[in-house]
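Below: the structure, in structure tokens.
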Amino acid sequence: MSAERTDLTYRNPVLDADWSDPDVIRVGDDFYLTASSFGRVPGLPLLHSRDLVNWTLVGHALERLEPEAEFTTPRHDCGVWAPALRHHDDRFWIFWGDPDQGIFQVNAPEIRGPWSRPLLVKAGKGLIDPCPLWDEETGEAYLAHGWAKSRAGVKNRITGHRMHPHGTELLDEGKVIVDGDRIPGWFTLEGPKLYRHDGWFWILAPAGGVETGWQGAFRSRGFFGPYEEKVVLEQKDTDVNGPHQGGWVRTPSGEDWFLHFQQRGAYGRVVHLQPMRWDGEGWPVLGDDGAPVAVHRRPDLPAQPPAAPATDDDFPGGRHGRQWQWAANPRDGWATQHSADGLRLTCVRSAEAHDLRRLPNVLTQRLPGTPCTVEVGLRLDSEEPGARAGLAVLGDAYRWIGLQREPDGAVHLVHRFAETVAEKERDADRPCPAPGGRARLRIDIGAGARCRFSYDTGDGFRPSGQIFAATPWRWVGALLGLVALAPSGQGHAGTATFTQFRISIQKKRADQ
């Protein structure tokens, strides 16, 4: 039974967390979205919606990053960049660029899989942001991609190829079909998405950089050009900086909509929904005459109950929900299944125990883009001196709070941090006893991703340390993390158990 519509408008962002570089399609009455996952595993998140406003996470298309040996340690800003999601020949297809390896593809008969193993379609450094196009009129297939200057030495251009209709290989050496250096004022042209509409080949692509740029549209009668261009979405007098990179989708009733991201510092790239129409000259018009909307009439689609990607987790049977991702390809034994609730993590021995940024065995999820409170229960079961576990806010700088086993057998509440330039962490507050080896850990995250850490070891919550401003990596927003670790040594170092992970979003006032 469908929910009654109680609100005829929606408010941006519709996905208020780091769902970077979104792409979207419609199949029947269902909408699907994927996003960059960089070095986290599993990769290629898959989201579902019936109204373009309420989204849920239904799975991932990439079980492990390949080649596996390249991702046994964290590579936070590498891996899966800017995927394109398409539905063709009764299959779902995702193409993405790994800037160090080339363009990959996976496909599946259903959105929940099974997904194929990654296929390297084009090898090379700096090949990013690929998007396929199957021309239903001619049966031809094409692929376009951008370039990362950090690997290839060039950027600001889009290269096009003919592609085998099976999506398995490219049929030519490629040709630059849009050169941003030849367009006055344009720079960092990237993220192309290909479409066929009204007799034109269309490329929707952003330029100008993620924090201050704009969204462009290009059209040509032939795939290889020449293309004419127009800016179709920019900040103007709104507070939506650099409206950037996304996808166009049409509803069953014929409405057009565009989903794109906004770069928001530690929160990463949050996702906005813009209305879309076509002007008298056949160009797309996004938002409010080219400016992002904050509030707008909902799409003409059946009302849906409120929904969002899951955050809370009781870890039934020791299993974590699909919202969690490891910082690198996981190994057997990092988490143990059992008959009760609670996540039982092994205290993994590591020579890098002094720096969480270097550890693959950190279980992460996205930092909410709205002020919130994060809580989790922790019990340190390890008897190994130096074993520790806790709750972290992880980025180019990080901070965590948790429990540590001391050489005398006692367990202390510890709170540690590392600055961006620091090679190892240090105390953020003085350690204190944690009777029974248990604690409830809390992070209150306010405006500007400013984090206040506190703990409860049995006599109520107490604040710990100074305010910490969360920081992103270069392309990835800050992450929440759960970790258990131990110093280098021999043998099993025991476990830590996390229970009742909760994120409580602070309610906005009606006038906000």
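This one's a predicted model, so the numbers in the text were calculated from it and none came from an experiment.
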Tell me which one of H88, H164, H87, H166 satisfies ring-ring contact (aromatic ring centres under 6.0 Å, His included) with W134. H88

Within the 3.5 Å criterion, strictly below it, is a donor on Q263 or R269 matched to an acceptor on the partner's side chain? yes

Ring geometry between Y10 and H296 (parallel below 30°, tilted from 30 to 60°, perpendicular above 60°): tilted

Taking atom types as modelled, find out whether D444 and T373 have a side-chain donor-acceptor pair closer than 3.5 angstrom. yes

Starting from the C-alpha separation in whole Å, work towards a yes-or-no answer on salt bridge (Lys or Arg N to Asp or Glu O under 4.0 Å) for R366 and D18. CA-CA 6 Å; R366 293 161 179 83; D18 188 23; 5.8 Å; no

Check whether the side chains of W324 and D313 place a donor and an acceptor atom closer than 3.5 Å, and report yes or no. yes

Quick test of your reading of the model: are R277 and D289 salt-bridged, counting only N-O distances below 4.0 Å? yes

Heavy-atom closest contact (P132 atom, F95 atom, distance): CG-CD1, 3.5 Å

Which heavy atom of L65 sits nearest to which heavy atom of R40, and what is that distance? CD1-O, 4.1 Å

Looking at the rings of W115 and H60, which for Trp means the six-membered one, are their centres under 6.0 Å apart? no

Any side-chain donor-acceptor pair under 3.5 Å between T188 and K155? yes

How about H244 and E190: does a side-chain donor come under 3.5 Å of a side-chain acceptor? yes

Mind checking whether F201 and F218 have ring centres under 6.0 Å apart? no

So W326 and W334, ring pair (Phe, Tyr, Trp, His ring centres under 6.0 Å) or not? Walk me through it. CA-CA 10 Å; W326 296 102; W334 285 358; 5.1 Å; yes

Regarding E425 and W400, do their side chains bring together a donor and an acceptor under 3.5 Å, going by distance alone? yes

Describe, in one word, how the ring planes of W473 and H76 are oriented to each other, choosing from parallel (under 30°), tilted (30 to 60°) and perpendicular (over 60°). parallel

State whether D355 and R357 are salt-bridged, where the test is any N-O pair (Lys NZ or Arg NE/NH1/NH2 against Asp/Glu carboxylate O) under 4.0 Å. yes

H260 and Q245: side chain donor to acceptor below 3.5 Å: no

Charged tip of R86 within 45° of W93 ring normal and under 6.0 Å: no

Any side-chain donor-acceptor pair under 3.5 Å between H145 and D129? no

Does a donor on one side chain and an acceptor on the other come within less than 3.5 Å for S20 and W475? no

List the steps, then state whether salt bridge (Lys or Arg N to Asp or Glu O under 4.0 Å) holds for D100 with R75. CA-CA 11 Å; D100 299 302; R75 302 178 66 200; 2.9 Å; yes

Do Q274 side-chain atoms and V293 backbone N/O form a donor-acceptor pair below 3.5 Å? yes

Between E110 and R91, does a salt bridge (Lys or Arg N to Asp or Glu O under 4.0 Å) hold up when you go through it step by step? CA-CA 7 Å; E110 304 290 342; R91 296 188 74 82; over 6 Å; no

Does the distance from a Lys or Arg side-chain N to an Asp or Glu carboxylate O, for D135 and R196, drop under 4.0 Å? yes

For a salt bridge (Lys or Arg N to Asp or Glu O under 4.0 Å) check, start with the C-alpha distance between R50 and D29, then their side-chain angles and the critical distance, and finish with the verdict. CA-CA 7 Å; R50 284 288 182 92; D29 293 327; 5.4 Å; no

Does Y32 have its ring centroid less than 6.0 Å away from the ring centroid of F92? yes

Just to verify, which of W257, F258, W202, Y195 counts as forming a ring-ring contact (aromatic ring centres under 6.0 Å, His included) with W248? Y195

When you check the gap from the basic side-chain N to the acidic O, do D16 and R264 get nearer than 4.0 Å? yes

Charged N to carboxylate O below 4.0 Å: is that the case for K230 and D279? yes

